[in-house]
Amino acid sequence: MTFTFARTTPLSRAGLCILFLLALSSSAAATIQYTVLLDHPERHLFNVTMTIPDVTEEVIVRMPAWNALYQLRDFSSHVRQVEAFAGSKKTFIEKTDKQTWRIKGTGTIKITYATYWDEAGPFASQLNSEHAFVNPAMILMYVPERRSENVKLSFPSLPDNWKVATASAGGLETAGGIRAYTFDAPSYEGLTDGPIEVGKFDEFQLTGISPEVRVVIHGENWRKKQVEEDLRRICRYELKLMDGAPFAHYTFILHFGKGTGGGGMEHSESTAISAYSDEYLPNVAAHEFFHLWNVKRIRPASLYPVDDTREQYTRALWFAEGVTNTYASYTLVRSGIWNKEQFYGDFSEQITELESRPANRWQSAEQSSLDAWLEKYPLYNQPEYSVSYYTKGQVLGDLLDILIRDRTGNEKSLDDVLRSLNTNFAKQGKAYRDSLDVELTAEGVAGSSFEEFFAKYVAGAEPFPYQQILGLAGLTLRSVEERRPSLGFSVEHEPNGQFVAGQVDPEGPAAMAGLRTGDVILSWNGGEVPRRTDRWLQEQRAGDWLKLRVRREDKEIATEFRIGEMKETVYLVGEDSRAGEKARRIREGMLRGETNAVAAR
């Protein structure tokens, strides 16, 4: 739901906050309340007041160590000036570890603090003169033993003409003559599962989609007609695929333009996506919308309940994320956003990426999932040390789909596995046992064992039998050797919008010129860093000069070198013109989302 309201005339920011809390206190006496002031947005400080009722002797409050990404990011490092009050008087407060405080007092305790955020992207929070984007877990403390209680969050006295958008229920309230946008959540988890956009933005509702799906857009470099049509096709197809919506209303929060970062983050009734342009949007949107089922409701038991104080390990990300990628690609081709050549091209890129990484020969899909917490380390991301559970999981999803279709004469498919998991786990409020219940569900759908497949290719790291399985769907796989220009280093786009040198080939020209892993790239041939360095590189030739200006610690360094060349094995998926009737039906079923049993769901 999206609400718009005008700015009030402030007394003083601190005074306004106190008056608003006093006015609310009688109507929500037993509710933990948060008030967030966005005064002086150019300073990037969220000023938070947390009000905790019914305290006996002392209370413990904590800041999450992680959220959104599988990385410990220690949000408490952004916090300063923590104070506590019992009534109108300051009371004893002690920090006991990097994310925990102990406060003495009885009755109602108020805690005030400021937290600094100016990082673009769906995995962070940002406050500047243009807007605020909030992932609540990154700015709000909680009481560990009271996470399941109702909570209330309020934004009083916003800057002129700013609006608020979130999927949570709420609206404009007036308390003590002060107007504020306020909304309620049934728990701290419910509150933190809803990102919030505050500022000047465009908004519209997708027509022809039920229940309501709203789109909120901040930024530039997007076309309304294109965005609306792409999202409509994605939502319509996935809602039909999964037999209806698991939500009463849904919100896309989209950030377009330079410096927005990239990627998306799923939530139970919304998603936040950052995109360089509307051309980048469909693949991410199809992935995030499908997370409504896979992850948010079809949940691996190892990830629930959430423990945001430490790493939470799971072997199921190959399915939760990778197979969600499978369905993003299926959605795009089945809805007509992609043609089949684009689908084959994407499939080819995934196989090429997977087979180009030496770690694929020893790191299984389950181990890649388990090691997700190592992704913040540049060394781990090198091809010799890891494969992506997104990539390996997507390819596994395609192969598993083909096998199910082949064993059932194209009567059943991976679609039936997802729908069965939705019926037997999500709708029953149960979490599945990582890979085991996926395997058992696939066996139930196909009527045959997948024990060997899961042992070899999910838990194990044996080479995928591409030719054998693809042939069942009338597809071929061939490899070609190509020579192409090579930078000699990877470029990573961080959530805060910066471009950073990732893996640097120690024998390459970039390393010889002094480039190091972790260098922040400030300029690229005198201009901005290309949003897609792979596309930029396709237009260059080996031997061309590349001039970089980078920041290393507190120093700016200029370096230049010639672009190198490398040999690469590229894998290409294509159609087998000699395929039999059964294989052709399986191929068409994959592309169209059909089986012999039920066509054109």
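Because the structure is a prediction, the values reported are computed rather than measured. Heads up: numbering here begins at 1 and tracks the sequence.
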TODO: Start with the C-alpha distance between N381 and E492, add both sets of side-chain angles, then the distance that settles side-chain hydrogen bond (donor to acceptor under 3.5 Å, both in side chains), and finish with yes or no.
DONE: CA-CA 11 Å; N381 289 300; E492 299 176 1; 4.6 Å; no

Task: P465 and F453, any side-chain heavy atoms less than 4.5 Å apart - done: no

Task: salt bridge (Lys or Arg N to Asp or Glu O under 4.0 Å) against R357, all qualifying residues, sequence neighbours excluded - done: E353

Open item on the list: With no hydrogens and no angle check, just 3.5 Å: does a side-chain donor-acceptor pair link D346 and Q394?
Closed with: yes

Open item on the list: Any non-hydrogen side-chain atom of I196 less than 4.5 Å from a side-chain atom of L153?
Closed with: yes

- [ ] Verify, without hydrogens or angle tests, whether D278 (side chain) and V227 (backbone) share a donor-acceptor contact under 3.5 angstrom.
- [x] no

- [ ] Flag the pair Y571 / T569 as yes when at least one side-chain heavy-atom distance between them is below 4.5 Å, and no otherwise.
- [x] yes

- [ ] Can you sort out the partners of Y250 under ring pair (Phe, Tyr, Trp, His ring centres under 6.0 Å), two or more places apart, ordered by chain and number?
- [x] F247, F252, F289

TODO: Apply salt bridge (Lys or Arg N to Asp or Glu O under 4.0 Å) to E565 and list each qualifying residue two or more places apart in sequence or on a separate chain.
DONE: R483

Open item on the list: I'd like to know if the side chain of N360 and the backbone of V387 have a donor-acceptor N/O pair within less than 3.5 Å.
Closed with: no

Open item on the list: Aromatic contact between H267 and H291, with the criterion being ring centroids under 6.0 Å apart: yes or no?
Closed with: no

- [ ] Return the orientation label for the Y280 and Y276 ring planes: parallel under 30°, perpendicular over 60°, tilted otherwise.
- [x] tilted

- [ ] With sequence neighbours left out, write down each residue that passes salt bridge (Lys or Arg N to Asp or Glu O under 4.0 Å) with E269, or none if nothing qualifies.
- [x] none

TODO: Would you name the heavy atoms of P144 and Y142 that are closest together and state the gap between them?
DONE: CD-O, 3.5 Å

Task: Pairwise distance CG(L470) to CG(D398) - rounded to 0.5 angstrom - done: 8.5 Å

Open item on the list: Within the structure provided, determine whether D505 and F489 are in side-chain contact (heavy-atom separation under 4.5 Å).
Closed with: no

Task: T166 side chain vs P195 backbone, donor-acceptor pair below 3.5 Å - done: yes

Task: Pair listing, salt bridge (charged side-chain N to carboxylate O under 4.0 Å, His left out) test, anchored in residues 283-296, at least two apart - done: D193-K296

TODO: Decide if the gap between the ring center of Y327 and the ring center of F290 is smaller than 6.0 angstrom.
DONE: yes

Task: Donor-acceptor pair, side chain of S368 and main chain of Y389, under 3.5 angstrom - done: yes

TODO: State, without any angle test, whether S277 and N221 hold a side-chain donor-acceptor pair at a distance under 3.5 Å.
DONE: no

Open item on the list: Once side-chain contact (heavy atoms from CB on, under 4.5 Å) is applied, do any residues pair with R562, and if so which ones, sequence neighbours excluded?
Closed with: W545

- [ ] Could you tell me which residues satisfy salt bridge (Lys or Arg N to Asp or Glu O under 4.0 Å) with D401, sequence neighbours excluded, listed by chain and number?
- [x] R405

TODO: Could you tell me whether a side-chain N or O of S77 sits under 3.5 Å from a main-chain N or O of D74, the two making a donor and an acceptor?
DONE: yes

Task: Contact check, side chains of M141 and V79, non-hydrogen atoms, under 4.5 Å - done: yes

Task: T100 side chain vs D97 backbone, donor-acceptor pair below 3.5 Å - done: no

Open item on the list: Rounded to the nearest 0.5 Å, what separates atom NZ in K392 from atom CD in Q350?
Closed with: 13.5 Å

- [ ] Under the side-chain hydrogen bond (donor to acceptor under 3.5 Å, both in side chains) rule, what do Q226 and D230 come out as? Steps first, then yes or no, please.
- [x] CA-CA 6 Å; Q226 190 66 50; D230 287 342; 3.2 Å; yes

Open item on the list: For A286, give me all partners under side-chain contact (heavy atoms from CB on, under 4.5 Å), at least two apart in sequence or on another chain.
Closed with: I234, E238, A328, T331, L332

- [ ] Taking only Lys NZ, Arg NE, NH1 and NH2, and the carboxylate oxygens of Asp or Glu, determine whether E482 and K567 approach each other closer than 4.0 Å.
- [x] no

Open item on the list: Restricting to non-hydrogen atoms, name the atom on T314 and the atom on P300 that form the minimum distance, rounded to 0.1 Å.
Closed with: OG1-CB, 4.3 Å

Task: With F347 via ring pair (Phe, Tyr, Trp, His ring centres under 6.0 Å) - residues at least two apart - done: none

Open item on the list: Nearest 0.5 Å, please: how far is CZ in R62 from CZ in R147?
Closed with: 9.0 Å

Task: Non-neighbouring partners of Q467 that pass side-chain contact (heavy atoms from CB on, under 4.5 Å), sequence neighbours left out - done: L477

Open item on the list: Quick check: do L191 and Y34 have side-chain heavy atoms less than 4.5 Å from each other?
Closed with: yes

Task: Shortest non-hydrogen separation from S329 to F343 and the atoms involved - done: OG-CE1, 3.7 Å

Open item on the list: Looking at D118 and R43, is any side-chain nitrogen of the basic one under 4.0 Å from a carboxylate oxygen of the acidic one?
Closed with: no

Open item on the list: Can you confirm whether the side chains of T324 and W293 place a donor and an acceptor under 3.5 Å from each other?
Closed with: no

Open item on the list: Does the plane of the ring in H131 sit parallel, tilted or perpendicular to the ring in H218? Use 30° and 60° as the thresholds.
Closed with: parallel

Open item on the list: Between N135 and N67, is there a side-chain donor-acceptor contact under 3.5 Å, judged purely by atom types and distance?
Closed with: no

Task: Between W117 and H44, ring centroids under 6.0 Å - done: no

- [ ] Report the C-alpha separation of D307 and T309 in whole Å, then their side-chain angles, then the decisive distance to 0.1 Å, and conclude whether the side-chain hydrogen bond (donor to acceptor under 3.5 Å, both in side chains) test is met.
- [x] CA-CA 6 Å; D307 183 350; T309 66; 2.6 Å; yes

Open item on the list: Going by side chain to side chain donor-acceptor pair (under 3.5 Å), name the pairs with one or both residues in residues 507-525, residues two or more places apart or in two chains.
Closed with: D519-R552

- [ ] Sorted by first residue and then second, give each salt bridge (charged side-chain N to carboxylate O under 4.0 Å, His left out) pair with at least one member in residues 366-382; sequence neighbours left out.
- [x] none

Open item on the list: Would the distance check show the side chain of S76 and the main-chain N or O of K98 forming a donor-acceptor pair, the cut-off being under 3.5 Å?
Closed with: yes

Open item on the list: How long is the straight-line distance from OH of Y344 back to OG1 of T476, given to the nearest 0.5 Å?
Closed with: 9.0 Å

Task: Contact check, side chains of L281 and W222, non-hydrogen atoms, under 4.5 Å - done: no

Task: Value rounded to 0.5 Å, distance of OG in S302 from CG in L317 - done: 7.5 Å

TODO: Would you check if the distance from the ring center of H255 to the ring center of F133 is below 6.0 Å?
DONE: yes

- [ ] First locate atom CD of E197, then atom CD1 of I217, and finally report the distance between them rounded to the nearest 0.5 Å.
- [x] 11.0 Å

TODO: Mind telling me whether Y70 and W66 have parallel, tilted or perpendicular rings, with 30° and 60° as the class edges?
DONE: tilted

TODO: Kindly indicate whether a cation-pi arrangement holds for R299 with Y304, taking the cut-offs as under 6.0 Å to the six-membered ring centre and within 45° of the axis.
DONE: yes

Task: I139 backbone acceptor or donor facing Y113 side chain under 3.5 Å - done: yes

TODO: Evaluate side-chain hydrogen bond (donor to acceptor under 3.5 Å, both in side chains) for H287 paired with E321, printing each intermediate quantity in order.
DONE: CA-CA 9 Å; H287 178 100; E321 295 289 356; 3.1 Å; yes

TODO: Flag the pair I563 / L537 as yes when at least one side-chain heavy-atom distance between them is below 4.5 Å, and no otherwise.
DONE: yes

Task: Basic-acidic side-chain contact under 4.0 Å: R102, E94 - done: yes

